[in-house]
*Asks:* 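Quick one: the structure is below, and I'll ask about it shortly.
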Number of protein chains: 2
Amino acid sequence: MVNIKQVAAHAGVSFKTVSRVVNKDPTVKKINQEKVLKAIEELGYRPNRAASITRRKQSGVFGLIADELLKTPFTFDIIRGAQDIAWEQNKELMVLNVNEKRFSAEKAIEHLFEHRVEGIIYASMYHRVLDIPDELLKIPAVLVNCSAIKENLACVIPDEVQAAETITNSLIEKGYKRIAFLNLNENIAAAKGRKQGVINAFQQNNLPMQDLYIESVIIEDKNGEKSIAREATRRVINTFNPDAILCGQDFMAVEVYFIMQAMGYSVKQDIGIGSFDDWENTPQLLQPMLTTMALPHYKMGQWAMNYLLAGRKDIVKHKEQFKLIERESF
Amino acid sequence: MVNIKQVAAHAGVSFKTVSRVVNKDPTVKKINQEKVLKAIEELGYRPNRAASITRRKQSGVFGLIADELLKTPFTFDIIRGAQDIAWEQNKELMVLNVNEKRFSAEKAIEHLFEHRVEGIIYASMYHRVLDIPDELLKIPAVLVNCSAIKENLACVIPDEVQAAETITNSLIEKGYKRIAFLNLNENIAAAKGRKQGVINAFQQNNLPMQDLYIESVIIEDKNGEKSIAREATRRVINTFNPDAILCGQDFMAVEVYFIMQAMGYSVKQDIGIGSFDDWENTPQLLQPMLTTMALPHYKMGQWAMNYLLAGRKDIVKHKEQFKLIERESF
DNA sequence: AATAAAAAAGACAACGTTGTTTAGTTGTGT
DNA sequence: ACACAACTAAACAACGTTGTCTTTTTTATT
């Protein structure tokens, strides 16, 4: 590829002048600037970033490590959020997938160090508490969708409590009084926060606790996680007789819709349905379309990148708000 | 960060010897190698990639441009496939999301040129024919999940014809004789290939064409694409009376399941259902679980990276095979 | 023990940039 | 016309590596 000296020769100036033009140094006479720009255009010159990084001692590159335990469309949202911000500021984002079997997080961090990244975003695919490699502490870093056991790193996580409060309040506001919450696996952080949020909303509205039923219907067995949502829905409708069901995730809502249809109940009229995620086009696929709390992955990615770009080092636990997507299911 | 000369001083050898150890040059005596390794460990030295790239004149970095028209979990599969291969060979992958509003593909290519990438993978989020920026021709490049209008670039695309043939044959083998295929928007490449595949299977099995019904139930109107699957399913069952329905995508199958349940038909016993995608955990969510043709995104990502790493320049149109995931819906 | 051959390690330049210093050019006020 | 400042541009070093060439050390052979 053509280099700065060739451009200089072509433009009839010193190569340092070309460098100045490329770096928008204002001390270049207009006439020379034009000559250089023309030469760059004609030769298709693109500055060599590696050389620039070597000399400048700063890379303008940030790393994003995505763990791959679960592959979800949300991964991509976090990446998009971070990258959109990075790009606005002319920074690069280097994305590395981590995967226990093939590539460890430690290895990924080493790679990123070699590239002299100026900061690292570590993104987990689901909201949880993580044991962070110590290496990460040697460099500005943020966690996305997870927090550190040792609480020694800043992180951004979804505000599960707020999400559950918001949708429960919305349900109550619409007149639903007897709510069954089919929660996720109770061992994960998301499930705990949401349970709290639903309870908060009941208390804020002075509703009796006997009108609230909460059960975890994603349970763990030897093969990993497993949904008992169908069985639970049938049972809960028959025994608890709710006027609304809040589902721990949109996929669960699909199952609930099926069971309700089979039992001859109609969504909204007989039982209102709410959910969490706003997973792809699942909510629009259902009829009536599902009202759900959208996970703030894109915004979390943005927040993380902004945190790094601001040069922050404070250890905060930032909570990003879900958004209520009102459709037709309650 | 610590540099090669500091390591050399600490180890008591010349800095060139450190370079040799780092690059696994076998002409270093074991005793010195150990000294250097120890020094590297103690100082936490990581070679500076930018400097190495500058000197070596090759970056070991490849670019992946992902267009963002549609965000799907499959995007990530393509990236994973490419990255897994890249990493095995100690190459880096730089992923850039492209998005008409913010960042054009041209801009992404410029960025990648600055990083002196050794090749570029351009991945489309759905299978289609694209007008490729000429810039891409200046460097080794492959297209994933799309092909070039001008046919001037190698590409890897899903083998839609094979997929449709395979699942239709499987349906026929299991005794289904009268098949309705609810296809995607007929304007997209995938729909065309699949239609052909279904027809091929009927011909190969000498089945009468009047036992095959094909309709595109994803249609375009002023607001973009829209599904008429529910209406069509009801109509097709009533008028064509199929013993199997083949759906253009898993999401469509969800709708078909709902309609069938509402009409009092049971999946598999009354009407067998097959589909395309293997979208996340949608197929497992349905009961009975959905048999579907899994899109080969991961493999396409791998193929693309292997193409570049092999230094190939031949303009091929490689087709990657779908995989039949047999579950319980027919 | 002497010598040649082979192996290992060092010296130094080069990669394509940018930072700093120095030199040259232009303009202004007397 | 002259001094001086203010611009502008050139020259040169430096960044942290690796390639090439040279020197030193080790090993093998007699």
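Note on naming: letters A, B, ... go to the chains in the order of the sequence lines (proteins, then strands), and numbering restarts at 1 for each one.
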*Asks:* Find the distance A:I40:CD1 to C:dT17:P and express it as a whole number of Å.
*Replies:*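 Interatomic distance, CD1 of A:I40 to P of C:dT17: 10 Å.
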
*Asks:* If you apply the rule salt bridge (Lys or Arg N to Asp or Glu O under 4.0 Å), what do you find for A:K319 with A:E160, and how did you get there?
*Replies:* CA-CA 9 Å; A:K319 288 184 179 155; A:E160 311 284 357; over 6 Å; no

*Asks:* So, A:Q89 side chain and A:A86 main chain: donor-acceptor pair closer than 3.5 Å or not?
*Replies:*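 Not at all, since once roles are kept as given, no pair shorter than 3.5 Å links the two residues.
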
*Asks:* Would the number of heavy atoms belonging to other residues, nucleotides or ligands and lying under 6.0 Å from CD1 of A:I31 be above 12?
*Replies:*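 12 or below, so no.
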
*Asks:* Please tell me which of A:S14 and B:V2 maps to the more 5' nucleotide of DNA chain D, matching each residue to the nucleotide holding its nearest heavy atom.
*Replies:*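 Mapping each residue to its closest nucleotide by heavy atoms, the 5'-most match is A:S14.
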
*Asks:* Just the rounded figure in Å: distance from C1' of C:dC15 to CG of A:N48.
*Replies:*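 Going from A:N48 (CG) to C:dC15 (C1'), I get 9 Å.
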
*Asks:* Answer yes if the side chains of A:E320 and A:H297 hold a donor-acceptor pair under 3.5 Å, and no otherwise.
*Replies:*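 Result is no, nothing qualifies.
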
*Asks:* Rounded to the nearest angstrom, tell me the gap between atom NZ in B:K5 and atom P in C:dC12.
*Replies:*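 These atoms are roughly 11 Å apart.
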
*Asks:* Nearest whole angstrom, please: distance from the P of C:dC15 to the CZ of B:R55.
*Replies:*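 Rounded to the whole Å, the gap is 7 Å.
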
*Asks:* Does the protein touch nucleotides 21-26 of chain C at the base, only the backbone, or not at all? Give it as B, S and - per nucleotide, heavy atoms under 4.0 Å.
*Replies:* ------

*Asks:* Specify the separation, in whole Å, of atom CD of A:E114 and atom P of D:dG16.
*Replies:*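 Atom-to-atom, A:E114 to D:dG16, this comes out as 15 Å.
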
*Asks:* Which is true for A:V22 with a 4.0 Å heavy-atom rule: it touches a base, it touches only sugar-phosphate, or it touches nothing?
*Replies:*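 Here A:V22 touches no strand at all.
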
*Asks:* Please state whether the phosphate of C:dT18, meaning OP1 or OP2, lies under 4.0 angstrom from any side-chain nitrogen or oxygen of A:N23.
*Replies:*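 For C:dT18, OP1/OP2 do have a side-chain N/O of A:N23 under 4.0 Å.
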
*Asks:* From the set D:dG16, D:dT18, C:dT18, return the single nucleotide nearest to any side-chain atom of A:F15.
*Replies:*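 Looking only at heavy atoms from C-beta outward on A:F15, the closest nucleotide is C:dT18.
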
*Asks:* Can you tell which of A:E34, A:E41, A:E42 makes a side-chain hydrogen bond (donor to acceptor under 3.5 Å, both in side chains) with A:K38?
*Replies:*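 Exactly one pass, corresponding to A:E42.
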
*Asks:* Please report, rounded to the nearest Å, how far the P atom of D:dG16 is from the NE2 atom of A:H115.
*Replies:*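 To the nearest whole Å, that distance equals 17 Å.
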
*Asks:* Looking at every heavy atom in both A:F103 and B:E88, which two are closest together, and how far apart are they?
*Replies:*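 Closest pair (atom of A:F103, atom of B:E88, distance): CZ-N, 4.3 Å.
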
*Asks:* Name the nucleic acid region contacted by B:T17, choosing base, sugar-phosphate or nothing; use a 4.0 angstrom heavy-atom cut-off, strictly under.
*Replies:*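 Sugar-phosphate, backbone atoms only, no base.
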
*Asks:* Do B:K150 and B:D134 sit within salt-bridge range, that is, some charged N less than 4.0 Å from a carboxylate O?
*Replies:*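 Yes, this pair counts.
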
*Asks:* By nearest nucleotide on DNA chain C, pick out whichever of B:R116 and B:G12 is the more 5' one.
*Replies:*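 It is B:G12 whose nearest nucleotide is closer to the 5' end.
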
*Asks:* Please confirm whether the backbone N or O of A:V21 pairs with a side-chain atom of A:D25, one donor and one acceptor, at under 3.5 Å?
*Replies:*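 Checking the backbone N and O of A:V21 against the side chain of A:D25, no donor-acceptor pair under 3.5 Å is found.
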
*Asks:* State whether A:T54 places a side-chain N or O below 4.0 Å from either non-bridging phosphate oxygen (OP1 or OP2) of D:dC15.
*Replies:*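 Answer is no, no contact under 4.0 Å.
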
*Asks:* For A:Q6 and C:dC15, give me the distance from atom CD to atom C1', rounded to whole Å.
*Replies:*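 After rounding, the reported distance stands at 13 Å.
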
*Asks:* Check the phosphate of C:dG16 against A:N3, side-chain N and O only, distance under 4.0 Å to OP1 or OP2. Yes or no?
*Replies:*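 Answer yes for this pair, as a side-chain N or O of A:N3 is under 4.0 Å from OP1 or OP2.
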
*Asks:* Please state whether the phosphate of D:dT18, meaning OP1 or OP2, lies under 4.0 angstrom from any side-chain nitrogen or oxygen of B:R56.
*Replies:*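 Yes, such a contact exists.
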
*Asks:* Whole-Å distance between D:dT27 P and B:I31 CD1?
*Replies:*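 After rounding, the gap between these two atoms is 13 Å.
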
*Asks:* Any side-chain N or O of B:S19 less than 4.0 Å from the OP1 or OP2 oxygen of D:dT18?
*Replies:*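 Yes, because at least one side-chain N or O of B:S19 sits under 4.0 Å from OP1 or OP2 of D:dT18.
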
*Asks:* Do A:K57 side-chain and C:dG19 base share a donor-acceptor contact under 3.5 Å?
*Replies:*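 In this structure, the two groups form no donor-acceptor pair.
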
